[in-house]
Amino acid sequence: MCFVTGGRAGMRPMDHSVLKCCLFSLFLLTVSASGTLSNSAVPTIQPLSNTASASQPANTATSSSATTPSCTTRRCLASMLIAKEARSPPQSPRCISIIRVPSIVYETLSVDTKNLRFESRLEVPLSWEDPDLSWNTSVYHHDVVVLPVSKIWTPELHVTNGVQTTMKHGNKDLLVHSNGTIEHMVIMNTVVGCEVNLYNYPFASDFCAIALNVWAISGCGMFLDFGNVSKTSANRGDWLTEEVELNAKGGRDDRNYLWVSLKMRSENPFLYLVLPSILIIVADVVSFSLPLGGGERISFKVTLVLSFIMFLIILNDLLPGGGQCSPIIRKHFCFCLVILVLSTLQSMVLTRLAKCGTLWPCSLSKSKDSLLKDTDNEEESKSDIKASEEEKNTALQKVVKFLNKMAAQDHKNAIHHRFANKVDLVCFCIYLTVLIVYAVVILYFSFGSRCEINQLDFWS
């Protein structure tokens, strides 16, 4: 830029130099401007690359803001997990899912000795992992969430030896952790076919197995990992649950079972079955003190037989019709019934023998007595005619003869009674001896012998 000093008069001689100076300055400005434009035009790619690299963080920030959900509440998290529709079992690389059972609460409901069935109730908490139901806690700031059980797959337990099994969910919801661990509880009511050992009934005790497993085939499926087992409400009717253990047959993971130890409370069956049978037999033994004549003994023994048949019907309603170990009390009742019937027949025979002195039927014996009586009447009539003709016998002689006849008849009846009483005494001794021997034998078989049943034969 050119500056000119001085007045107006001194400006004229300097016009050409000033013009040159201005033109040169303009030329320099033009050259510098063209150089700047050329420099900016050559490295055009470099600023674009820088712009692109600078735009990448901006795009990443934009995409991350786009993937971050706007709602991160627990309900939104539950909706997101439900939308995955995880209604099939978890698919692990090994094709194996481990179902953990931390504890089992067991309860005996009933023992049906007639149909050999055993009913129980199980509270089974379950825990398993499903990676598809996990979430990032940095996005959803929640460790657990509650989901409806109808929207999530849950394992199904089954009882191998079960006759009837029902499984229902302990709650309509289940708990899901952020790492994909799921916690749930199921309640099972199962009826198991268990041939309870009733050989020593009513002093019976036995074990029943509940084979609790899940689906698995060819090494692929689910396997149970059990914890501890506890029992509740040990007293149920006439049966007491002593102990519950968890075992596995042959060490196999797919053959798990609960080993339930049962013991019968013998007070009630002893009072309404065994004790009445003993008292009836004792009453039958004492009935030998009743006289043979008159029919009191026979009617009493018939009453005892009918009473015992009633108890036998009650026993038949309680015990099964057969089995590997038939209850010894059934043989006891049959033996006692046979003894009572034989005792009644023996009393009937001896009563007949004491009265008539013979075992012939009544019609034959009566005909013989009437024949003898007619013969005596004929002899009396002949003697009376002869006495009337001869007039030698008096009324006193007739009375004496009648009394002698009565005395002879009484003497004959006394002989019959003595003979019947001797036979009755012999029968009583035999009867009492048989009962004593039987009591020793039945006590030995009731408490000294055992009958074993394989309760795991449903796997064989």
Side-chain angles (χ1 to χ4, degrees), residues 106-121 159-164 190-211 231 233-245 247 257-281 307-339 438-460:
Y106 171 84
E107 180 182 4
T108 300
L109 298 181
S110 64
V111 180
D112 188 356
T113 56
K114 176 65 176 177
N115 299 314
L116 297 178
R117 293 186 178 181
F118 166 65
E119 184 177 2
S120 59
R121 181 178 183 270
V159 180
T160 305
N161 59 333
V163 178
Q164 181 181 0
T190 177
V191 178
V192 176
C194 177
E195 189 172 351
V196 184
N197 190 350
L198 300 175
Y199 180 75
N200 304 101
Y201 184 91
F203 308 100
S205 62
D206 199 6
F207 296 91
C208 281
I210 302 177
K231 60 183 177 66
S233 300
N235 297 326
R236 280 291 182 178
D238 293 333
W239 290 89
L240 174 67
T241 304
E242 291 185 321
E243 189 178 1
V244 182
E245 297 179 354
N247 295 322
Y257 62 92
L258 296 178
W259 196 240
V260 184
S261 175
L262 299 172
K263 183 178 181 180
M264 190 171 192
R265 302 175 62 181
S266 58
E267 292 84 1
N268 289 337
F270 180 82
L271 290 178
Y272 63 72
L273 284 177
V274 179
L275 185 60
S277 67
I278 296 175
L279 295 178
I280 289 175
I281 294 299
S307 301
F308 200 85
I309 291 176
M310 181 189 68
F311 286 105
L312 186 59
I313 294 174
I314 296 175
L315 180 69
N316 186 62
D317 293 336
L318 293 176
L319 298 181
Q324 298 182 20
C325 297
S326 180
I328 197 172
I329 192 175
R330 189 190 299 277
K331 301 178 179 62
H332 163 72
F333 268 67
C334 293
F335 176 82
C336 292
L337 182 61
V338 171
I339 286 294
Y438 170 74
V440 174
V441 172
I442 197 67
L443 288 176
Y444 170 76
F445 281 101
S446 297
F447 299 100
S449 62
R450 297 285 300 174
C451 182
E452 300 297 334
I453 298 178
N454 182 16
Q455 299 292 355
L456 301 178
D457 57 352
F458 56 88
W459 268 322
S460 60

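Just so you know, these numbers come straight off a predicted model, no measurement behind them. When a residue number appears, it is its place in the shown sequence, counting from 1.
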### Query
Counting only heavy atoms not in R117, do more than 12 fall under 6.0 Å of its CZ?
no
### Side chain to side chain, R330 and L319, heavy atoms closer than 4.5 Å
yes
### Task
May I ask you to check whether over 12 heavy atoms, not counting those of E245, lie within 6.0 Å of atom CD?
yes
### Task
Compare all side-chain heavy atoms of P269 with those of M264 and state whether any distance is below 4.5 angstrom.
yes
### Query
Do S307 and I280 come within less than 4.5 Å of each other through their side chains, counting heavy atoms only?
yes
### Query
With side chains defined as the heavy atoms from C-beta onward, is the minimum distance between F118 and D112 less than 4.5 Å?
no
### Message
Determine whether a donor-acceptor pair (N or O, by modelled atom type, separation under 3.5 Å) exists between the side chain of N161 and the backbone of A211.
### Response
yes
### Task
State whether a side-chain donor-acceptor pair under 3.5 Å links N454 with D457.
no
#### Entry: Beyond-backbone contact of W239 with V196, side-chain heavy atoms, under 4.5 angstrom
yes
### Worked check of ring-ring contact (aromatic ring centres under 6.0 Å, His included) between F333 and F308
CA-CA 8 Å; F333 268 67; F308 200 85; 5.1 Å; yes
### Message
Does any part of the side chain of S326, heavy atoms only, come nearer than 4.5 Å to the side chain of Y199, both counted from C-beta?
### Response
no
### Query
Below 4.5 Å, heavy atoms only, C-beta onward: do L262 and C208 meet side chain to side chain?
yes
### Query
Counting N and O atoms only, with roles assigned by atom type, does the side chain of K263 sit under 3.5 Å from a partner on the main chain of S205, one being a donor and the other an acceptor?
no
### Query
Taking the inter-plane angle between the rings of F207 and W259 on a 0 to 90° scale, is it parallel (under 30°), tilted (30 to 60°) or perpendicular (over 60°)?
parallel
### Query
Is a donor on one side and an acceptor on the other found under 3.5 Å between the side chain of N247 and the backbone of L258?
no
### Message
For V192 versus A209, what's the shortest heavy-atom pair and its separation?
### Response
CG1-O, 3.4 Å
### F335 atom CZ: more than 12 heavy-atom contacts under 6.0 Å
yes
### Query
Between the side chain of K231 and the main-chain N/O of V260, is any donor-acceptor distance below 3.5 Å?
no
### Query
Within a strict 4.5 Å, meaning less than it, do heavy atoms of the N200 and R450 side chains meet?
yes
### Query
Between Y438 and H332, what is the ring plane arrangement, given parallel below 30°, perpendicular above 60°, and tilted in between?
parallel
### Query
Any side-chain donor paired with an acceptor under 3.5 Å for S120 and T108?
no
### Task
Take S261 and E243 through the test side chain to side chain donor-acceptor pair (under 3.5 Å) and record every step on the way to the result.
CA-CA 5 Å; S261 175; E243 189 178 1; 5.7 Å; no
### Message
Show the nearest heavy-atom pair for residues Q455 and C194, with the distance to one decimal.
### Response
OE1-SG, 3.7 Å
